[in-house]
Amino acid sequence: MTVKALLIDGYVDEPACLGVPPYISPYIRTIAGVLEEHHLSCTYLTIDQIRGDPSLGVLVRNAPLVVMVAGTTVPGAYLGGSPATLTDIRQIGHLCRGGRSALCGPVTFGYAGAGGKHAVPLEGTGFSAVLAGPPAEAVDAWVRGDEGVSRQDYTLEDRWAVLGGHVIRQHPSYPYVICELETARGCARSVTGGCSFCTEPFYGPPVYRGTAGIAAEVAALSSHGALHFRLGRQPDLLAYRSGPGETPRPDPGALEELFSGIRQAAPGLKTLPIDNINPGTIARFEDEAREALAVIVTGHTPGDVAAFGMETADPEVIRANNLKASPDEVFRAIEVVNEVGAQRRDNVPDLLPGLNFVCGLAGETLSTYDKNEDFLARVLAAGLLVRRVNIRQLMPFPGTRAFSDNTLRRHEKRFLRFKTTVRERFDHPMLEKVFPPGTVLRDVITEVTGSTSFGRQMGSYPILVGFPLLMVKLTVCDALVAGYGSRSLTALPCPVPVNTLPVAALGWIPGVGKKKAGLIAAKRPFSNRSELESLTGPLPASVPFTFS
Ligand code: SF4
């Protein structure tokens, strides 16, 4: 194969952007557009493909031009792929002997392998260039041989996004890829320095992308078969095209334009969730925020999560790290999102809040963890719904205040106890409320196979579903909720294929259990429900079966 340019996806995860499969980041698509514009139609490979097939090393070695995008500036746990490690990056950099090579993306802020570890500056990568700044602009300047100036608008990115949309067809999970859409970069809170740990202020003051450019990109992606999108590359969707200041007043009209533009550009889309919402925006501008959330609920796809960067419930830690909202403000924001979004559509709540905690911040003491637990107990006692709680350890980056001012490793045991307490006392009962027994989740896609196979719906923070049986990878099926882990569900394919399920799985059918499972296995096949129930007794009417 003759390759003009090789684009390697080492995956990205930032406070305001996700590009780990099934997500594909906007950086990959706009860089593909840049290369296209320079008549360098690219071959796209993911880091997982390169790790899994040593023969691809030849392609890397011989490519005349290689661009690699990588960098996680928030810690995460991933099912769909493993972001490039520093070792991966160096190995690829040193392999690129055939031509020019560049490394770009958030990894240029530094590299940290996991939460709790300080990021280290990039050295000895082997790439001929390490390109800081917005990745597509940086690659364009590098290919042209210019210095490059960061622009304060999206004129170029809008064009490149359309030109590079074709690259999604080369993604190994295509068509099951979620296109992370960029609506803004930079954070409004950077006027006061931003949150102490965050890398988003490195992108400068906020720049909002116009709806026409986003809609044109969605139309192009749709023409290449994209069905799944997420409005994820921005720090606070409620601030979209809103006014100046640290916490801009939401503009529901701008959001309405955004959603209708996207819907018109891709009328057949299947997935359109959101990501970050600043709870402080909701608490400070409740009426406008309520209206804006209603626009989101009308335009998105259900099962959605408004991710709140709460970080802590300790006022002292909030003050010491310039965080965005007080515990009472976050609580009020949880109430408002529940009021607007907790109704069910397609069997799942339309829009629920998700909470992010960061541990190891400056000012943290042992009592911080008591306050965090008390806050969650208050949410539970109030009968509010929360889709998920993320608990992470600080991953400090050079240039952020948290790099030198933090409490990492001081409260290790209490941190671990906090996680266990939340998993046992909060997550478990909350999962039963959000996904009651017998809930049918539509279109779950298996990503990991084995005696228990794991899958998820396409969406923002989809719940992990474990099927107690061996399934083929990328099987798409509905899932009947039958049990609960701390952060996952046990489910059966729906309708339940009673004649073919393994015995262990039969025991998960609601109303069956282990003893009757053995009986069913001995007496099958059954040709209809009444035959089955003559053996088991009446089974819940809500459980559908198939007898093929
Ligand atoms: S609100 Fe804080 S965490 Fe969120 S993007 Fe801005 S600076 Fe980062």
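Scope of the values below: all heavy atoms of this structure, side chains included, with no hydrogens, waters or symmetry mates. Note that ligands are numbered from 1 as they come in the structure, with each ligand's atoms numbered from 1 the same way.
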With a cut-off of 4.0 Å, which atoms of ligand 1 are near a heavy atom of Cys187?
->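 In order of numbering, the contacting atoms are 1 (S), 5 (S), 6 (Fe), 7 (S).
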
Can you sort out which atoms of ligand 1 are near Pro235, meaning under 4.0 Å from one of its heavy atoms?
->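 Here the atoms of ligand 1 in question are 5 (S).
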
Hey, mind stepping through Arg230 and Leu18 against side-chain contact (heavy atoms from CB on, under 4.5 Å) and telling me if it holds?
-> CA-CA 10 Å; Arg230 182 176 87 150; Leu18 179 60; 3.4 Å; yes

Atom 2 (Fe) of ligand 1 [closest protein heavy-atom partner, distance rounded to 0.1 Å] |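 Ranked first by proximity to atom 2 (Fe) of ligand 1 is Cys195 SG, 2.3 Å.
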
Please report which non-hydrogen protein atom sits nearest to atom 4 (Fe) of ligand 1, along with the residue it belongs to and the distance in Å to one decimal place.
->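 Minimum-distance protein heavy atom for atom 4 (Fe) of ligand 1 reads Lys324 CE, 3.7 Å.
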
Centroid-centroid distance, His300 to Phe259, less than 6.0 Å =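 No, the ring centres sit 6.0 Å or more apart.
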
Whether Cys198 has an N, O or S atom under 2.8 Å from atom 6 (Fe) of ligand 1 =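 So Cys198 does not count as coordinating atom 6 (Fe) of ligand 1.
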
Pro15, portion touching ligand 1 at heavy-atom distance under 4.0 Å |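 No part of Pro15 is near ligand 1 at this cut-off.
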
Donor-acceptor pairs under 3.5 Å, side chain of residues 77-84 to any protein atom, not counting sequence neighbours: which ones?
| unit_1 | atom_1 | unit_2 | atom_2 | d |
| --- | --- | --- | --- | --- |
| Tyr78 | OH | Asp13 | OD2 | 2.7 |

Cation-pi check, Arg423 onto Phe418 ring (under 6.0 Å, within 45° of axis) =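 Judged by the rule, Arg423 and Phe418 form no cation-pi pair.
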
Flag side-chain contact, heavy atom, 4.5 Å: Leu441 against Leu489 =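 Counting from C-beta outward, Leu441 and Leu489 do come under 4.5 Å.
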
